[in-house]
Q: 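Handing you a structure now.
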Amino acid sequence: MMKRWMLLWAIPFGLAAQDFPVTPHVPPAFETRDVGEVNDGGASITRTRPQTKTRKITYIAVSGIRDWRNTGGQVIQASMLAFDPPPGASKDAALPLVREGRIRLWIEERKKVTEYPLAKLSSQDREFVNQLLEAQKTASKPVEKE
């Protein structure tokens with residue numbers, strides 16, 4: 001009788017020791033919510049768009065498209081542009097053509113504006129820039145009344 005009792009007592013523990021496949025509990029469906037909806041946690045998602053700033057860019061050409069040659073003999077087709085007036089300048093002030101030893105060129109082939117050092121230009125092109133500077137000085141002088 002003792003053997004039977006031990007056998008009956010060992011069966012449930014023996015079955016528990018064996019490996020049985022276990023399936024975890026899976027929720028039937030996930031909850032969905034809209035973006036920005038407040039959940040129980042009090043957190044929300046909001047999208048902020050950066051403010052766009054409109055910038056007006058004006059180029060003032062002081063020469064037509066011409067061949068510009070550097071000291072190495074390379075040629076580019078470009079138009080010379082005036083620089084923007086310095087901050088605080090009056091509207092009637094002449095626009096600078098040379099700034100910090102550089103001129104501003106619109107390169108037709110690349111459709112791009114670039115600044116080019118005056119020292120790297122050929123002597124003929126430097127003379128052309130000097131003629132433009134002289135013409136600007138004479139045009140900006142006030143006319144004397146007689």
Side-chain angles (χ1 to χ4, degrees), residues 7-146:
L7 184 60
L8 290 174
W9 187 73
I11 289 175
F13 291 109
L15 292 177
Q18 294 179 358
D19 291 332
F20 286 105
V22 177
T23 55
H25 173 69
V26 178
F30 292 101
E31 294 180 21
T32 58
R33 65 175 195 247
D34 293 332
V35 174
E37 182 180 320
V38 177
N39 196 3
D40 294 336
S44 66
I45 299 173
T46 57
R47 293 183 184 196
T48 58
R49 296 185 188 267
Q51 293 182 354
T52 57
K53 292 182 181 180
T54 304
R55 230 174 56 170
K56 182 180 177 183
I57 300 174
T58 305
Y59 297 125
I60 298 175
V62 293
S63 76
I65 296 173
R66 61 186 293 273
D67 290 342
W68 293 84
R69 190 175 305 273
N70 67 6
T71 53
Q74 295 174 326
V75 177
I76 56 169
Q77 284 196 334
S79 177
M80 185 173 166
L81 304 176
F83 284 98
D84 296 331
S90 69
K91 291 183 180 181
D92 298 332
L95 296 174
L97 302 180
V98 178
R99 183 170 61 189
E100 298 174 5
R102 297 174 159 273
I103 61 169
R104 197 174 188 195
L105 296 174
W106 167 261
I107 301 175
E108 184 63 27
E109 184 179 305
R110 297 184 203 153
K111 306 284 188 218
K112 182 177 165 183
V113 175
T114 186
E115 292 184 17
Y116 199 79
L118 217 91
K120 289 187 177 181
L121 287 176
S122 67
S123 59
Q124 294 88 2
D125 288 333
R126 280 192 301 248
E127 182 59 36
F128 177 75
V129 172
N130 286 334
Q131 289 173 0
L132 288 175
L133 289 170
E134 288 298 320
Q136 184 184 37
K137 286 179 187 176
T138 58
S140 62
K141 286 184 182 177
V143 178
E144 294 181 18
K145 293 184 182 180
E146 293 182 20

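Being a predicted model, the structure only gives us computed values, none of them experimental.
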Q: To check you understand the geometry: which heavy-atom pair defines the closest contact between Ala78 and Trp68, and what is its length?
A: O-NE1, 3.1 Å
Q: Given side chains that start at C-beta, do those of Tyr116 and Ile76 come closer than 4.5 Å, heavy atoms only?
A: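 Result no, sub-4.5 Å side-chain heavy-atom pair not found.
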Q: Taking atom CD of Gln74 and atom OG of Ser122, what is their separation to the nearest 0.5 Å?
A: 12.0 Å
Q: Give the minimum heavy-atom separation between Leu81 and Ala61, together with the two atoms involved.
A: CD2-CA, 3.7 Å
Q: Compare every heavy atom of Arg104 with every heavy atom of Tyr59, then report the nearest pair and how far apart it is.
A: CE2-NH2, 3.5 Å
Q: Within the structure provided, determine whether Met80 and Leu105 are in side-chain contact (heavy-atom separation under 4.5 Å).
A: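 Yes, close enough: below the 4.5 Å cut-off.
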Q: Less than 4.5 Å apart, any side-chain heavy atom of Trp106 and any of Lys112?
A: no
Q: As an exercise, state the distance from CZ of Arg126 to CG of Leu121, rounded to the nearest 0.5 Å.
A: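 Spacing of CZ (Arg126) from CG (Leu121) equals 7.0 Å.
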Q: Roughly how far apart are Leu133 CG and Ile103 CD1, rounded to 0.5 Å?
A: 10.0 Å
Q: When Leu97 is tested against each of Asn130, Leu132, Val129 for side chain to side chain contact (heavy atoms under 4.5 Å, CB included), which residue passes?
A: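 Result for side chain to side chain contact (heavy atoms under 4.5 Å, CB included) with Leu97: Leu132.
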Q: Which pair of heavy atoms, one from Gln136 and one from Leu95, lies closest together, and at what distance?
A: NE2-O, 2.5 Å
Q: Working to the nearest 0.5 Å, report the span between NZ of Lys120 and CZ of Arg102.
A: 8.0 Å
Q: Can you measure from CD1 (Ile65) to CD1 (Ile107) and round to the nearest 0.5 angstrom?
A: 11.5 Å
Q: Test of understanding: with ring-ring contact (aromatic ring centres under 6.0 Å, His included), list the residues that count as partners of Phe83, not counting sequence neighbours.
A: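 Here no residue qualifies.
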Q: CG/Asp67 to CG/Asp125 distance, rounded to the nearest 0.5 angstrom?
A: 9.0 Å
Q: Given side chains that start at C-beta, do those of Glu115 and Arg99 come closer than 4.5 Å, heavy atoms only?
A: yes
